[in-house]
Amino acid sequence: MEQERPEDAARLYRRVLTLDPTDGTVWYALVLLHGRMGDEKGALAVLRHGIRRVPADGPLRDLHAAACERVAIRALERSDPDGMAAACMEALRGLADAPKSVVLYEGLERLVRLALLAGRTDLAVELLVIKDRYDFPTVPPSAIDRFPLRLLGFAGWCAAAGLRHELWTPSTHSLSAAFSLAQPEWLRVHVEGLARMGTESVGVALDAEVEVVQGFYVKDKYESFVLSGRRTMLCETTATVVKNGCVPLVGVTPGAMAAVFRLPRSLYRTVEIDQPVLFLPSTPNYWHFLVDVLPRLMVRDRVPETRELPLLLFDLRRYQHEMLELAGIRPDRILDARALVGSGVMQVHYRLARAAVPSAVGYPAAYRWLRERLLPLCRPSSQSDGGRRLYLSRRGSAPKHRIANDEEVAALIARYGFKTVQPEQLGVLETIERIAAAKIVVAPIGAATANQVFLPPGGIWIHLHNPDFFHPESLWNPRMGTQVPMLGRLRHLAGRFTDEPDDRPADLLARLDIPVHIDLDALGRLIREVL
């Protein structure tokens, strides 16, 4: 009857509800029926009545929040901030005292972002109060600080906070020739972005009295946010990933201009540091530490007053100590906050009295600095070990980013003279030496791809990846495969997913964790073409 005579079906549902107005399943079915009829206003009216009659019904709350979200998105598409705000306000009313559900939780995060896009930070904070019940169930609301923030680039942040700072344009000229090489069409937009990065200034804030909330990790990427008087936040990326209840920053808008912030004080260990320190962000990931963190030490070359400051980082790994030592940092100049807070603490709130805070460094400048600083350390004997063709296997690494037929891949390319190595079994300098001596490197996506920066002139990097790596909606993956100095010397081969399509997550980032199967015939043809 719903398909053939939907109006009659709706009347029958309403008759059932007059007999039992507390039957949530009937309210739910009536809402869906109005949706199939294209009557969104009617569906919203039914949802309002249903929530009043059955306030504990989670699915109805979910449907209501989702419907309000769709209304807000359409208002966003027609540039109607008042309509967006009204939809968020409606959602807020429906979410009051709602029971917990996963769908509702994800919808809350999206509604916070929509409220910010509408310019209504007050609504965003109110929605955040509801979200806190899911994220921090053991923390009383009075123990959570919540406030909106402006997100600014480095120079604007220093100016807004009144911080003494220095800015300069790092040299990238020795890599500029790479931009003139012929590029595949799909690379062009990313090449243009990298060229712009090469002109960006970097700098350092000096004698900064700041707060830092640090120590929470999202997809192995560091997320460390420097606060200044709770007015502005230093924003170093426009693609922040927020998928974890411990992450205090919520609702980064496109272009990263606004956010709302919460700090559950009882979950964070507060550390006050009065001595001057050079503050660096922390990450357990090899790629991000080498490419995003280590190049910030160029500030020590440029600004003399930062040279003898101890480095403040969090929870350093052995390989990170080696990287820092290679970059000229003595072990006694490293202050690991892990020693201050103990082994069981992951969320840390710093109050720094006199911090030097280096800005992020664009990839062209970062790669030039890494090559100039680390390649001269390669030992002459490392150039003659026969490893001119390398396969960087992830067989001993974490399950994500795996090649499902790794041993078959290794056996195939061994016939062409490739030597298989597992980067996690090598020291940092040994890894750099191997790459610097290689002519061809075959490698799957993973942290070890950071070492592409050390490939010699004329070297080729063959990148094995999943089918979504160069997805048009991905803003970050293509960049990882196209950074200087790899422009013009990158080849790539997509494998096929090994999971069932129905089980595959919609999130592109999550799909990177699915092992892929590499077509051996296609790989063989590519190897022969390169050789």
Side-chain angles (χ1 to χ4, degrees), residues 1-78 80 82-115 117-118 120 122-137 141 245 250-251 502 505-507:
M1 181 181 289
E2 284 193 6
Q3 297 293 332
E4 299 173 359
R5 301 198 306 276
E7 292 84 0
D8 292 342
R11 280 194 293 273
L12 286 176
Y13 280 136
R14 293 182 187 280
R15 184 179 298 177
V16 171
L17 288 171
T18 60
L19 299 174
D20 183 7
T22 64
D23 191 334
T25 58
V26 178
W27 285 108
Y28 193 92
L30 183 57
V31 172
L32 295 181
L33 179 58
H34 276 279
R36 285 193 290 272
M37 293 166 61
D39 182 12
E40 187 172 65
K41 288 185 178 179
L44 275 170
V46 172
L47 280 166
R48 295 187 196 104
H49 289 303
I51 289 172
R52 283 199 296 269
R53 292 289 191 172
V54 199
D57 192 288
L60 281 178
R61 305 266 191 168
D62 289 343
L63 270 182
H64 182 257
C68 293
E69 181 186 335
R70 288 194 295 273
V71 173
I73 289 173
R74 283 200 296 276
L76 172 65
E77 290 170 347
R78 63 175 184 268
D80 177 12
D82 291 337
M84 293 173 64
C88 290
M89 182 69 77
E90 164 105 1
L92 185 61
R93 286 193 291 266
L95 291 170
D97 302 320
K100 292 183 180 180
S101 75
V102 174
V103 176
L104 182 64
Y105 176 87
E106 294 177 350
L108 271 168
E109 186 173 293
R110 292 191 294 269
L111 285 166
V112 170
R113 294 169 184 257
L114 286 165
L117 285 170
R120 291 293 300 275
D122 57 329
L123 279 178
V125 172
E126 287 187 66
L127 289 163
L128 204 60
V129 172
I130 296 174
K131 191 172 188 296
D132 286 341
R133 297 202 299 260
Y134 300 86
D135 289 337
F136 314 116
V250 174
D502 292 342
D507 182 63

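One is the number of the first residue; the rest follow in order along the sequence.
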Heavy-atom closest pair (Ala115 atom, Cys88 atom, distance to 0.1 Å) is N-SG, 3.7 Å
Check the surroundings of atom CZ in Arg78: do more than 12 heavy atoms from other residues, nucleotides or ligands lie under 6.0 Å from it? yes
Between Glu69 and Gly107, what is the shortest heavy-atom contact and its length? OE1-CA, 4.3 Å
Is the shortest side-chain N to carboxylate O distance from Arg93 to Glu90 below 4.0 Å? yes
With rounding to the nearest 0.5 angstrom, report the OH to CD distance, Tyr134 to Glu109. 13.5 Å
Option among Leu123, Leu108, Val129 that satisfies the side-chain contact (heavy atoms from CB on, under 4.5 Å) test with Leu92: Leu123
Check: Leu44 and His64 side chains under 4.5 Å, non-hydrogen atoms: yes
For Arg53, what residues pass the salt bridge (Lys or Arg N to Asp or Glu O under 4.0 Å) criterion, not counting sequence neighbours? none
Spell out, as yes or no, whether a donor-acceptor pair under 3.5 Å connects the side chain of Trp27 to the backbone of Pro21. yes
How long is the straight-line distance from CE of Met89 back to CG of Leu127, given to the nearest 0.5 Å? 9.0 Å
Would you say the side chain of Leu95 lies within less than 4.5 Å of the side chain of Leu111, judging by non-hydrogen atoms? yes
Pairing of Asp57 and Arg61 as salt bridge, 4.0 angstrom limit: no
Measure the spacing between NE2 of His49 and CG of Leu60 and express it to the nearest 0.5 Å. 13.0 Å
Mind checking side chain to side chain contact (heavy atoms under 4.5 Å, CB included) for Asp82 and listing every partner two or more places apart, or none if nothing turns up? Asp80
Distance check, rounded to the nearest 0.5 Å: Arg74 atom CZ versus Met84 atom CE? 13.0 Å
Please report the closest heavy-atom contact between Val71 and Ala87, naming both atoms and the distance. CG1-CB, 3.9 Å
